[in-house]
Structures are given as C-alpha cells and as structure tokens.
Amino acid sequence: MNEVTEALLARVRAARAGLAAAVSAADAYAVAVAEDELDDAIRLARRHGLDVEATRADEG
C-alpha cells in the first residue's frame, strides 16, 4: 500500500470516528460538519479506486 492510499484510508477512518463522536455528543452542528468531511473523504478515496467499505471491517 502506498502513502497516498494509506492517507486516504486514514482520512476515511478519522472522519468516521469524528462523526461517531459528534453523534455521541448530540452536537447537530458537529454532526453536519463531520458528515461533510466523511462524504468528501469517501469521494476522494473512491476516485482513487479504493474500497472504503473494507475500512469498516478494520474499525470494529
């Protein structure tokens, strides 16, 4: 795995964690920001041909 791939997948994982934290905190603004970050991270990862669903299995 190259550095770009690792960085993109790390961004997806971090965005998912940020979204989970925002939801847990019941912070509507933080949830909206985190959802946007996750959407952007997934879009970039997919543009580079990465399977972002596979990262979910690694998070559990």
Side-chain angles (χ1 to χ4, degrees):
M1 190 177 306
N2 67 38
E3 289 179 29
V4 172
T5 299
E6 290 176 22
L8 288 169
L9 293 177
R11 183 176 173 191
V12 170
R13 286 190 295 272
R16 285 186 175 139
L19 179 56
V23 169
S24 291
D27 184 337
Y29 177 75
V31 168
V33 171
E35 285 175 338
D36 286 345
E37 170 60 18
L38 180 56
D39 289 345
D40 193 48
I42 288 173
R43 181 184 51 79
L44 286 171
R46 286 182 176 158
R47 183 183 296 170
H48 286 83
L50 301 177
D51 179 9
V52 294
E53 296 305 315
T55 63
R56 285 182 184 246
D58 297 339
E59 294 169 359

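- Between the CD atom in E35 and the CG atom in D40 there is a gap of 13.5 Å [rounded to 0.5 Å].
- L38 and V33 fall into different hydrophobic clusters, where Ile, Leu, Val, Met, Phe, Trp and Tyr residues are linked whenever their side-chain heavy atoms come under 4.5 Å apart, directly or through other members.
- One finds no salt bridge joining R13 and E6 here, because no Lys/Arg side-chain nitrogen approaches an Asp/Glu carboxylate oxygen to under 4.0 Å.
- A pairwise comparison of heavy atoms in V31 and L19 identifies O-CD1, 3.9 Å as the closest pair.
- Applying side-chain contact (heavy atoms from CB on, under 4.5 Å) to L44 and the options V52, V12, L8 leaves one that passes, L8.
- Residues R16 and I42 have side chains in contact (heavy-atom distance under 4.5 Å, counting atoms from C-beta outward).
- In this structure, OG1 on T5 lies 5.0 Å from CG on L50, to the nearest 0.5 angstrom.
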